[in-house]
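Below is one structure, written out as structure tokens; the observations come after it.
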Amino acid sequence: MKIGFIGLGNMGAPMAANLAAAGHQVTGFDTAAPEPEGVTAAASAAEAARDADVVITMLPNGQILRSVAAQVIPAMPAGAVLCDCSTVDVDSARAVAEQARAAGLGALDAPVSGGIGGAQAGTLTFMVGGVGADFARVAPLFEVMGQKAVHCGDSGAGQAAKICNNMILGVTMIATCEAFALADRLGLDRQKMFDVVSTSSGYSWSMNAYCPAPGVGPVSPADNGYKPGFASELMLKDLNLSQQAASSAGAETPMGALARQLYEDFVEREDGRGRDFSAMLSRFVGHMP
Ligand code: NAD
């Protein structure tokens, strides 16, 4: 396929490189980053979109997505599909999809989980909103860039799934960290705490797969000085999006609200910026664990 790829940062560059390596013809554009291997450089987003069967965007936020969409939609040939893989607010995802459809194009919101490692290895999970026919057309590309793609529903459903998942992740990580801090105070050995909780009803991905306590459980960023992994500021971004969605949809999310506040304190007023989101443990134990 002919693919236009806009946004060649930490995630976009390896995703575009994997598509090129699989034999697709990829033309890329980024305002800052250099073109990855196998990707032809375009002078503008519109130029990258011209003649494309599918245009993929991987951008920082909804505002930038809206401005890039305004440039690429008029340039795309009729029947092509605009597939946004960024994590953005549900309202921007729906607005861009509507604009694309009005111009005779297909549109998908397809945010990912799996991080930079997953982007490089081609093992991302895609959660996708849009109509089934568009999903089917882009599915072969999801197969190259990832290991799983779930069609979640209409436009916005992919972003909805992503922020609901990450709201649970933020809340359970904080709960796991505060429980470890309480266990410390009670003189309970961290390994024993892990052995019990990871096989009891308190288990979660945060405890079992990504344990915030160093030296306990499988290897995680805690064992690597809390180098991300998934940086605290990206968790804050996603918790801001889930709270924005909750207030626009009228949903009550008190735990999500508190998690958002704690990650904002951690990133903006404490020492969380640039550290993995599991470094939240140090906040509760009062010193570096
Ligand atoms: P990044 O900042 O490394 O990449 C974004 C790229 O977009 C940059 O290279 C930037 O120059 C480019 N860009 C900005 N404005 C542009 C414009 N107008 N036209 C063209 N290019 C433009 O960010 P990233 O880590 O690659 O993340 C991209 C998206 O993926 C974000 O929405 C993020 O939330 C999401 N995401 C990231 C991760 C992760 O672990 N990094 C995991 C899941 C989802």
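First listed ligand is number 1; within each ligand, the first listed atom is number 1. Throughout, residue positions are numbered sequentially from 1 according to the sequence presented. What you are looking at is a predicted structure, and each value in this text was computed from that prediction instead of being measured.
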Contact between ligand 1 and A45 is defined here as a heavy atom of the residue under 4.0 Å from a ligand atom; is it met?
no
N or O pair under 3.5 Å between N10 and ligand 1
yes
Measure the shortest side-chain to side-chain distance between Q71 and S44 over non-hydrogen atoms and say whether it is less than 4.5 angstrom.
no
Ligand 1 to A32, heavy atom cutoff 4.0 Å, flagged ligand atoms 11 (O)
Which of the numbered atoms in ligand 1 are below 4.0 angstrom from a heavy atom of G115?
40 (O), 42 (C)
Here's a test for you: under side chain to side chain contact (heavy atoms under 4.5 Å, CB included), which of L59, T31, L82 qualifies with V68?
L59
Can you figure out which of G9, C85, P60 has its heavy atom closest to atom 7 (O) of ligand 1?
P60
Determine whether a donor-acceptor pair (N or O, by modelled atom type, separation under 3.5 Å) exists between the side chain of D109 and the backbone of G158.
yes
Would you mind checking which non-hydrogen protein atom is closest to atom 21 (N) of ligand 1, with the distance to 0.1 Å?
T31 N, 3.5 Å
Protein contact to atom 36 (N) of ligand 1 [nearest heavy atom, distance to 0.1 Å]:
T87 OG1, 4.1 Å
What do you reckon, does S86 have a nitrogen or oxygen under 3.5 Å from a nitrogen or oxygen of ligand 1?
no
Near L234, which atoms of ligand 1 are under 4.0 Å from a heavy atom of that residue?
39 (C), 40 (O), 41 (N)
Decide, yes or no, whether a salt bridge links R94 with E98 under the criterion of side-chain N to carboxylate O below 4.0 Å.
no
Ligand 1 to I6, heavy atom cutoff 4.0 Å, flagged ligand atoms 20 (C)
For atom 12 (C) of ligand 1, the option (of I64, D84, D30, L241) bearing the nearest heavy atom
D30
What about K237: any of its N or O atoms under 3.5 Å from an N or O on ligand 1?
yes
Does any N/O atom on F29 come nearer than 3.5 Å to any N/O atom on ligand 1?
no
Report yes if K162 has an N/O atom closer than 3.5 Å to an N/O atom of ligand 1; otherwise report no.
no
How close does the nearest protein non-hydrogen atom get to atom 30 (O) of ligand 1, and which residue and atom is it?
M58 CE, 3.1 Å
State whether any protein heavy atom lies less than 4.0 Å from atom 23 (O) of ligand 1.
no
If you count the non-hydrogen atoms of other residues, nucleotides and ligands that lie under 6.0 Å from CD in E268, is the total more than 12?
yes
If I apply the N/O under 3.5 Å rule, does L59 come out as touching ligand 1?
yes
